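Fair warning: this is a prediction, and the values are worked out from it, not measured in the lab. Quick note: numbers below take in every heavy atom, side chains included, and nothing from hydrogens, waters or symmetry partners.
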Amino acid sequence: MTAADRRSHRPSGQPRLSLIEVFPQPDRQQLSLSGKLIFAEAGEIWTDVSARIATLEKGDRIDFDMSRVDAIDGGTMALLVHLRSELAARGVRAEFAGAGADVQALIHLYRGDIRASRRVRQRAESTFSQLGRSTIHFFHELRGILGFLGNSVLAAVGLLREPKTGNWKQLAPTMERAGADAVPIVVLINFLVGFVMAFQGATQLKQFGANVYVADLVGLSVTRELGPLMTAIILCGRSGAAFAAELGSMSVSEEIDALRTMGFGPIRYLVLPRTLALMLVLPLLTLLGDLVGIIGGLVVGVTSLGLTVGGYLSETQKAVSMWDVFSGLIKSVIFAIAISVIACQQGMATTGGAEGVGRRTTASVVSTLFALIIIDAGFTVFFHAFHL
Amino acid sequence: MSEPMIKVEGLTMGWPGPAGAPVILQQDATFDVARGEVFAILGGSGCGKSTLLRYLVGLESPLGGEIAIAGLGRPNLEVGRPPFGVMFQSGALFGSLTVGENIGLSLEQWTDLPYEAIAAIVLAKLKLVGLEGAENRYPAELSGGMKKRAAIARAMALEPELIFLDEPSAGLDPVSAVELDQLILTLNKVLGLTVVLVTHELPSIFKIAQRCIMLDKETKSIIATGDPCELRDHSDDPRVRDFFNRRPRSV
């Protein structure tokens with residue numbers, strides 16, 4: 001059995017059910033189809049007919065003689081009608097001729113008996129235009145996020161005036177899901193960050209006999225930069241994506257519209273509790289991350305640099321001030337707002353079913369990571385400029 | 001004559017198009033809905049029936065024209081409690097809440113009723129729509145018809161005078177569809193509820209709607225207003241007669 005036979009479900013060796021021949025006439029070509037034209041053989045029919053009409057030129061005329069066709073199915077007819085309109089696009093007139101009543105009905109159903117229309121081929125968009133469209137899209141999205149942030153601030157002010165109208169019930173479960181449930185991964189990642197950094201730093205510092213300064217390196221970079229940033233990235237991947245997907249599926253199933261028509265502002269009801277929950281848990285997780293990051297460094301210092309636990313910790317204490325930890329926590333609050341606001345905005349902007357939810361969730365994570373890095377860089381420059 | 005429940009004047013629906021020119025869905029729609037009537041919005045697929053409903057309830061801002069609901073102007077969903085209930089096509093029940101919590105949500109938000117009173121009202125509403133015993137079930141556990149009835153109960157939670165229903169009987173079996181029609185008629189007759197519904201179901205329209213408008217996609221306008229039975233038998237417009245008599249216009 002050949003591959004073509006397997007594809008067409010035709011038993012091996014059995015001849016094709018249809019026959020295609022060309023008879024040149026004085027004023028036209030005649031393509032004669034006969035036998036059974038079935039979808040299982042559509043591939044071969046397509047190749048065969050395409051090859052036979054390939055040489056036709058503008059002004060030629062061809063008839064598809066259907067008089068000896070015993071049976072034809074819808075799929076094959078659709079292909080023939082398509083080839084006819086391809087011919088029309090090349091300026092060749094092609095018509096179905098001599099069809100019996102059954103076949104004619106099928107020709108009519110697939111619109112093979114009306115004037116073949118030329119399909120307008122869509123030209124591929126130029127690189128320049130794609131670039132322009134993406135730029136406009138970027139600013140459009142940015143405007144959407146900033147507008148949403150503004151509305152969230154207004155809603156928060158409204159909530160402060162009337163605390164009774166808040167959706168406080170959602171706060172504790174969201175804190176549990178975003179905070180307590182994230183503890184294992186936060187611990188693992190931050191431990192490894194401190195551990196790896198100590199290893200990399202140690203090889204350099206050993207050359208100068210400055211082993212003990214590994215504690216300074218790890219302590220400062222974890223508390224000021226990596227602890228807050230890594231923890232925020234974890235939260236963005238866990239909770240940010242969850243928020244975007246949750247609100248996205250609520251959007252596509254009209255639940256957000258339903259909330260609005262019931263007089264619940266979706267920002268007040270859905271976004272503020274999530275944002276507040278993240279603002280409360282992210283600093284706590286960051287503090288935990290700082291701690292285990294330092295422990296990660298400590299493990300390397302003690303096991304491979306010959307430092308004592310006491311020596312490492314007292315060096316860390318000397319190097320890291322309260323402000324170093326505190327500045328990381330300030331950042332983490334801003335990170336929390338960015339994660340929640342972007343995720344909720346993307347979720348609520350979702351249209352277009354399940355695929356839309358997936359697309360917006362991806363967009364939410366990508367935009368948030370971008371925002372986190374920008375905010376982090378902004379903070380670093382700000383703290384540096386003011387010698388903080 | 002008392003003031004109409006809904007007054008729409010010169011409403012233009014659409015959205016800004018890519019090339020600056022707006023894409024218009026319906027132009028200059030004018031109609032009103034009297035208090036206590038069942039009013040149907042009809043038309044072929046894609047003519048903007050469900051979209052018109054979104055404008056009426058304040059989910060979209062019109063390109064032009066005026067909408068007044070209960071003499072209050074265009075509904076502002078950002079401020080206070082809307083004076084109507086809405087049932088969306090899919091039901092749009094909140095999947096994370098039970099049916100009872102779905103119905104009780106607006107009562108908790110907009111009234112000072114104690115928990116027991118809210119629970120009692122929820123049970124009464126469920127009984128009204130024939131869903132006794134479903135209060136602790138989640139929307140995912142309900143059939144399509146039950147979801148729609150639960151959504152009507154939710155829309156009725158705050159005793160509104162006006163309720164909007166988007167395709168209430170679409171996708172239901174004939175018996176459930178008739179039951180739903182009965183429910184709508186009962187709510188209309190007994191409670192004096194004004195009902196605005198978008199639907200395709202002709203038998204249901206003839207049975208329950210006192211008046212209707214028919215939107216047309218090509219002319220982007222309202223092509224008929226009046227009693228559906230009257231329009232079916234005596235309309236001058238062949239498009240309207242064909243629609244009501246289920247005659248395909250061209251094949």
Legend entry - Those residues of residues 152-171 of chain A, ordered by number, that approach chain B below 4.5 Å (heavy atom to heavy atom): A/K164, A/T165, A/K169
Legend entry - Heavy-atom proximity to chain B below 4.5 Å, by part of A/L259: both
Inset, instruction - Report yes or no: do A/E255 and A/S253 form a side-chain donor-acceptor pair below 3.5 Å? - result: yes
Legend entry - Between B/F88, B/W110, B/F164, the one whose heavy-atom pairs under 4.5 Å with chain A are most numerous: B/F88
Legend entry - Heavy-atom proximity to chain A below 4.5 Å, by part of B/E108: side chain
Legend entry - Pair B/D166-B/S50, side-chain donor/acceptor within less than 3.5 Å: yes
Legend entry - Salt bridge B/R35-B/E161, side-chain N to carboxylate O under 4.0 Å: yes
Inset, instruction - Select, from B/P75, B/P82, B/P160, B/G58, the one with the greatest count of heavy-atom pairs under 4.5 Å involving chain A. - result: B/P82
Inset, instruction - Work out which heavy atom in A/R274 is nearest to a heavy atom in A/C344; give both atom names and the distance. - result: CD-SG, 4.1 Å
Inset, instruction - Say whether, by atom type as modelled, one donor and one acceptor occur between the side chain of B/R137 and the main chain of B/G100 under 3.5 angstrom. - result: no
Inset, instruction - State, with a plain yes or no, whether a side-chain heavy atom of B/L56 is found less than 4.5 Å away from one of B/F84. - result: no
Legend entry - Worked check of side-chain hydrogen bond (donor to acceptor under 3.5 Å, both in side chains) between A/S340 and A/T275: CA-CA 5 Å; A/S340 175; A/T275 308; 2.7 Å; yes
Inset, instruction - Could you tell me which portion of A/T261 (side chain, backbone, both or neither) has an atom closer than 4.5 angstrom to a non-hydrogen atom of chain B? - result: both
Inset, instruction - Give, for atom CD of A/Q346 and atom CD1 of A/I342, the distance between the pair rounded to the nearest 0.5 Å. - result: 8.0 Å
Legend entry - Geometric cation-pi criterion, A/R133 with A/F138: 6.0 Å, 45°: no
Legend entry - B/L158 versus chain A, the contacting section by heavy-atom distance below 4.5 Å: neither
